[in-house]
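Heads up: the structure comes next, in structure tokens.
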Number of protein chains: 2
Amino acid sequence: MTVTVDVVLFTIRERKLHLLLVKRAVKPFEGRYALPGGFVGEDESLDAAAIRKLREETGVERVYLEQLYTFGDPKRDPRGRVITVAYYALAPTDPSDGTWFPVTDLPPLAFDHRKVADYAHQRLRNKLDWTNVGFELLPAKFTLSELQMVHEAILGEELDKRNFRRKIIQRGIVKPTKEWQETGRKPAQLYRFK
Amino acid sequence: MTVTVDVVLFTIRERKLHLLLVKRAVKPFEGRYALPGGFVGEDESLDAAAIRKLREETGVERVYLEQLYTFGDPKRDPRGRVITVAYYALAPTDPSDGTWFPVTDLPPLAFDHRKVADYAHQRLRNKLDWTNVGFELLPAKFTLSELQMVHEAILGEELDKRNFRRKIIQRGIVKPTKEWQETGRKPAQLYRFK
DNA sequence: ACAAAAGTGTTCCATATACACCCATGT
DNA sequence: ACATGGGTGTATATGGAACACTTTTGT
């Protein structure tokens, strides 16, 4: 019985939620896109394996990472019994190798990776209401419009600007800096996560 | 690398949340209490393994069951690399072998099972707000006072009777039956989960 | 009659929602 | 001057929290 980790790495590109896929070079599913992942080392924690695989396959170093679910259907891998511990991760910018796809338009995936990806997307949506997970997709300093855009990309719907700003401010989870971002139009104040 | 499942089985006894433990008959941790669980079969799904282990070690047949988290610290089992997929389960009554302990007063546990148990308790508390998970700890027909008692046992705090009943009724998740439970005092109306 | 649990409404506060205009800047 | 995104307030609806008394039954 073997154990793997697979990671659903999200980022925002062009105001849309994307995830990273790698093209498989070997059988099974050779040539298909798959989630980055692979076998867990004999003396390696699951978290460490997920971090290592992200680094090896995508070059990404420091991201928010959280265990998602463990998929163990006996038939999920044609090579035999492979149980995978799925993670999801959030990358602030776009630093990586590999290929990004909008979550609304994924190619066919290897194994049960489509199910894993959908599960991760759902979890991300749910977490957004309760936590500060949105900040993980932004650089250290960001404008409130950027933060709103992240939320809209994850939820897939538009939000009211005034209500959004009030909620964020009243939660006390950001603090304004004294810097302003040149936007080409009216400058926007930069905020920092508290 | 081997994979096990462990199950945190909850029930309510004497108005308190309890969980089931079994005494280990073999090394390591011989004589200590542990969560019911064991190795996953080569051709068995994770859910099936959890259900089987519950049946084998506790006699419990039909319970609510949900995957919790996968614990994979390389040092968590002194025998070598053992990754465990933890589940939690909810049993309506008290049908089983094994020994029940109030969650507030657990004995020392084998492996990292204390961490697993605490994690399960926390998850149960969180889920209570959002889902109908409380019904899984009751028989098919129950009084609203019984349902409130379940919620209080899980949350570890008392709730206001009127507010509780209004919230449950307005959510539309129960429907009254025409039966009444003899309580020794004023009879209580029985409800059913919708 | 008394003890014990069942049952029932209203007020108040906090949070969510709906909604429109002015401002600062670059071209 | 105009186009673009930044920034701001109020009114309403909804959900949660606090709070006390009457009813029915068994002893």
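In what follows, chains carry the letters A, B, and so on, assigned in the order in which the sequence lines appear, proteins first and then strands, with residues in each chain numbered from 1.
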Exercise for the section: Give me the ring orientation class for W130(A) and W130(B): parallel if the planes are under 30° apart, tilted from 30 to 60°, perpendicular past 60°. Expected result: perpendicular
Practice task
Measure the acute angle between the ring planes of F10(B) and Y88(B), then classify it against the limits of 30° and 60° as parallel, tilted or perpendicular.
Solution key: perpendicular
Handout entry: CA sep, side-chain torsions, deciding dist, call: V7(B), L35(B), side-chain contact (heavy atoms from CB on, under 4.5 Å)
Key = CA-CA 6 Å; V7(B) 184; L35(B) 298 171; over 6 Å; no
Integer-rounded Å distance: [N] [atom2] and [X] [atom1]:
X	N	atom1	atom2	value
E158(B)	dA18(D)	CD	P	13 Å
Q189(A)	dA24(C)	CD	P	14 Å
L159(A)	dA18(C)	CG	P	11 Å
R162(B)	dA18(D)	CZ	P	12 Å
D160(A)	dG7(D)	CG	C1'	13 Å
Q181(A)	dA24(C)	CD	P	19 Å
N163(A)	dT14(D)	CG	C1'	14 Å
Y191(A)	dG6(D)	OH	P	12 Å

Handout entry: Close residues, residues 132-157 of chain B, relative to DNA chain C [heavy-atom separation under 4.0 Å]
Key = S145(B)
Exercise for the section: Residues of residues 164-175 of chain B with any non-hydrogen atom less than 4.0 angstrom from an atom of DNA chain C: list those, numerically ordered, please. Expected result: R165(B), R166(B)
Completion exercise
Paired with K141(A), the side-chain hydrogen bond (donor to acceptor under 3.5 Å, both in side chains) test is passed by just one of Q181(A), E179(A), Q189(A), namely E179(A)
Distances under 3.5 Å between nitrogen or oxygen atoms of protein and nucleotides 21-25 of chain D:
| residue | atom | partner | partner atom | Å |
| --- | --- | --- | --- | --- |
| dT23(D) | O2 | K186(B) | NZ | 3.1 |

Exercise for the section: Please indicate whether E14(B) has more than 12 foreign heavy atoms, meaning atoms of other residues, nucleotides or ligands, lying under 6.0 Å from its CD. Expected result: no
Exercise for the section: Just jot down the side chain to side chain donor-acceptor pair (under 3.5 Å) partners of D73(A), sequence neighbours excluded, or say none. Expected result: none
Exercise for the section: Not counting sequence neighbours, list each pair that qualifies as a side-chain hydrogen bond (donor to acceptor under 3.5 Å, both in side chains) and has a residue in residues 147-156 of chain B. Expected result: Q148(B)-E152(B)
Completion exercise
Contacts of P74(B) meeting side-chain contact (heavy atoms from CB on, under 4.5 Å) (sequence neighbours excluded), chain-then-number -> D43(A), S45(A), R81(B)
Handout entry: Pair Y33(A) and F101(A), ring centroids less than 6.0 Å apart
Key = yes
Handout entry: Proximity of F71(B) and F111(B) rings by center, below 6.0 Å
Key = no
Practice task
Answer yes or no: is there an ion pair linking K53(B) with E56(B), defined by an N-O contact shorter than 4.0 Å?
Solution key: yes
